[in-house]
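See below for the structure under consideration.
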Amino acid sequence: MFNSLLKSGPIAAVMGMGLLVAGCDRKSPAPEQANVVAANTASADEVASGPAPDEATGPATPAEKLDRSHKGETGPTAAFTAPDGKSVTLATFKGKPLLLNMWATWCAPCVAEMPTLDSAAKSLAGKVQVIAVSQDMQGAEKVTPFFAAKKFTTLKPYLDPKLGLSLAYQANLPTTILYDSAGKEVWRMTGGYEWNTLAAAKLIAEAS
C-alpha cells in the first residue's frame with residue numbers, strides 16, 4: 001500500500017498515511033507515518049508467573065501479536081541515523097542479537113512501552129543490543145526533547161525521518177523485531193508490550 005502511495009506522489013503518500021493514523025490513533029492525528037496499533041491487554045489466565053529481570057511480571061504474548069513467518073530473513077538495507085549522527089543499517093549490528101523497536105513520539109502505545117523497553121535494554125546490556133528507531137518525520141526536533149523529558153537510562157535516540165524502516169516492513173507502530181547474531185530474523189511483534197517481564201525475557205532469549 002505504501003509503495004502505491006509513494007508512486008502517486010509525496011502529497012498523496014502523506015495524505016494516505018494520515019488517514020491510516022487518524023483511523024487508529026485519533027488522539028494523535030499526525031499527518032506523517034505508519035499506522036498505529038493499540039496495546040493489547042491480557043486476561044488473568046494470560047499473565048506469566050515468576051520474577052522478571054526487574055522483579056515485575058507481565059502478560060504472556062497474545063498469539064496474534066507475535067509473527068514468526070519471517071524467521072530466517074535478513075533485515076532491509078534502509079539507512080537510518082545513529083545517536084552520533086552517523087548513517088547506519090541493520091547490518092551494522094551483526095555480531096550480537098538485536099532487538100529493533102520502531103516507534104514515534106505521537107504513538108500512544110509506543111510511548112507507553114518505552115520505559116519497559118529501556119528497563120530491558122539495561123538488563124540485556126552486553127548480551128542483546130536494543131535500539132529504538134523513531135519514525136517521526138521531524139526527526140531530532142521531536143525526539144531529542146522527548147528523550148530529555150523521559151530520562152531513559154539506556155536507550156539512545158535513533159532517527160529514521162524518511163520512514164525507511166517502517167516502509168520496508170510495511171509496519172504498524174509500534175513494531176519490535178528480534179534478530180540473532182547473524183542478522184537473521186527470529187520473530188516480530190506488533191503492538192505495545194511490557195518488555196521488562198519474564199515472558200519478554202523468554203522471547204528475547206530465543207536469539208541466543
Side-chain angles (χ1 to χ4, degrees), residues 24-25 27-28 34-73 75 90 93 96-135 143 146-147 149-158 165-166 169 171-181 183-208:
C24 295
D25 188 17
K27 293 182 179 179
S28 305
N35 194 3
V36 181
V37 292
N40 288 0
T41 56
S43 60
D45 59 356
E46 291 177 321
V47 176
S49 61
D54 66 347
E55 300 303 319
T57 58
T61 311
E64 66 270 17
K65 294 181 65 174
L66 193 65
D67 179 5
R68 299 180 184 276
S69 66
H70 301 276
K71 186 173 182 178
E73 295 180 6
L90 294 179
F93 301 90
K96 283 185 179 180
L98 171 69
L99 190 68
L100 164 69
N101 175 267
M102 289 175 285
W103 71 286
T105 58
W106 49 263
C107 164
C110 303
V111 172
E113 74 174 353
M114 287 289 277
T116 73
L117 190 68
D118 183 55
S119 178
K122 184 176 181 179
S123 66
L124 293 167
K127 296 175 290 185
V128 177
Q129 304 168 95
V130 180
I131 62 172
V133 186
S134 164
Q135 302 297 291
V143 179
F146 176 86
F147 266 70
K150 296 298 182 180
K151 299 180 179 179
F152 296 127
T153 63
T154 307
L155 289 178
K156 303 298 180 185
Y158 286 81
L165 289 177
S166 58
Y169 290 111
N172 296 330
L173 299 182
T175 289
T176 305
I177 304 176
L178 180 68
Y179 288 95
D180 63 21
S181 58
K184 303 293 185 181
E185 183 171 329
V186 180
W187 49 253
R188 64 181 64 180
M189 187 182 297
T190 302
Y193 194 61
E194 294 179 20
W195 294 104
N196 57 345
T197 63
L198 179 61
K202 288 180 176 178
L203 286 173
I204 296 169
E206 293 182 24
S208 58

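Along the sequence shown, the residues carry numbers beginning at 1.
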Q) Taking only residues two or more places apart in sequence or in another chain, which ones pass side-chain contact (heavy atoms from CB on, under 4.5 Å) with Val111? A) Phe146, Lys150

Q: State which residues pass side chain to side chain donor-acceptor pair (under 3.5 Å) with Asp118; sequence neighbours excluded, sorted by chain then number.
A: Thr153

**Q.** Residues that Lys184 engages under side-chain contact (heavy atoms from CB on, under 4.5 Å), provided they are two or more places apart
**A.** Thr74, Asp180, Ala182

Q. So, does Lys127 use its side chain to make a donor-acceptor pair with the main chain of Pro97 at under 3.5 Å?
A. no

Q) What closest approach, in Å, do Ala200 and Trp195 show between heavy atoms, and which atom pair accounts for it? A) CB-O, 3.5 Å

Q | Nearest heavy-atom neighbours spanning Ala104 and Leu173 | A | CB-CD1, 3.9 Å

Q.
Among residues at least two apart in sequence or on other chains, which ones pass side chain to side chain donor-acceptor pair (under 3.5 Å) with Tyr169?
A. Tyr179

Q) Looking at residues at least two apart in the chain, or sitting in another chain, which of them share a salt bridge (Lys or Arg N to Asp or Glu O under 4.0 Å) with Glu73? A) none

Q: Give the intermediate values and the outcome of side chain to side chain contact (heavy atoms under 4.5 Å, CB included) for residues Asp67 and Thr190.
A: CA-CA 8 Å; Asp67 179 5; Thr190 302; over 6 Å; no

Q) Thr175: what forms a side chain to side chain donor-acceptor pair (under 3.5 Å) with it, not counting sequence neighbours? A) none

Q | Derivation of the side chain to side chain contact (heavy atoms under 4.5 Å, CB included) call for Ser134 and Trp103 | A | CA-CA 5 Å; Ser134 164; Trp103 71 286; 3.9 Å; yes

Q) Stepwise, does the side chain to side chain contact (heavy atoms under 4.5 Å, CB included) test hold for Thr116 with Thr197? A) CA-CA 8 Å; Thr116 73; Thr197 63; over 6 Å; no

Q | Heavy-atom donor-acceptor pair, Gln135 side chain to Ser166 backbone, under 3.5 Å | A | yes

Q. When you check the gap from the basic side-chain N to the acidic O, do Glu206 and Arg68 get nearer than 4.0 Å?
A. yes

Q: Please report the shortest heavy-atom distance between Phe147 and Lys156, naming the atom on each side.
A: CE2-C, 3.6 Å

**Q.** Non-neighbouring partners of Glu185 that pass side chain to side chain donor-acceptor pair (under 3.5 Å), sequence neighbours left out
**A.** Arg188

Q.
Determine whether Leu178 and Leu203 satisfy the following criterion, side chain to side chain contact (heavy atoms under 4.5 Å, CB included), listing intermediate values before the conclusion.
A. CA-CA 9 Å; Leu178 180 68; Leu203 286 173; over 6 Å; no

Q) If every non-hydrogen atom of Leu90 is compared with every non-hydrogen atom of Gly75, which pair is closest and at what distance? A) CD1-CA, 3.9 Å

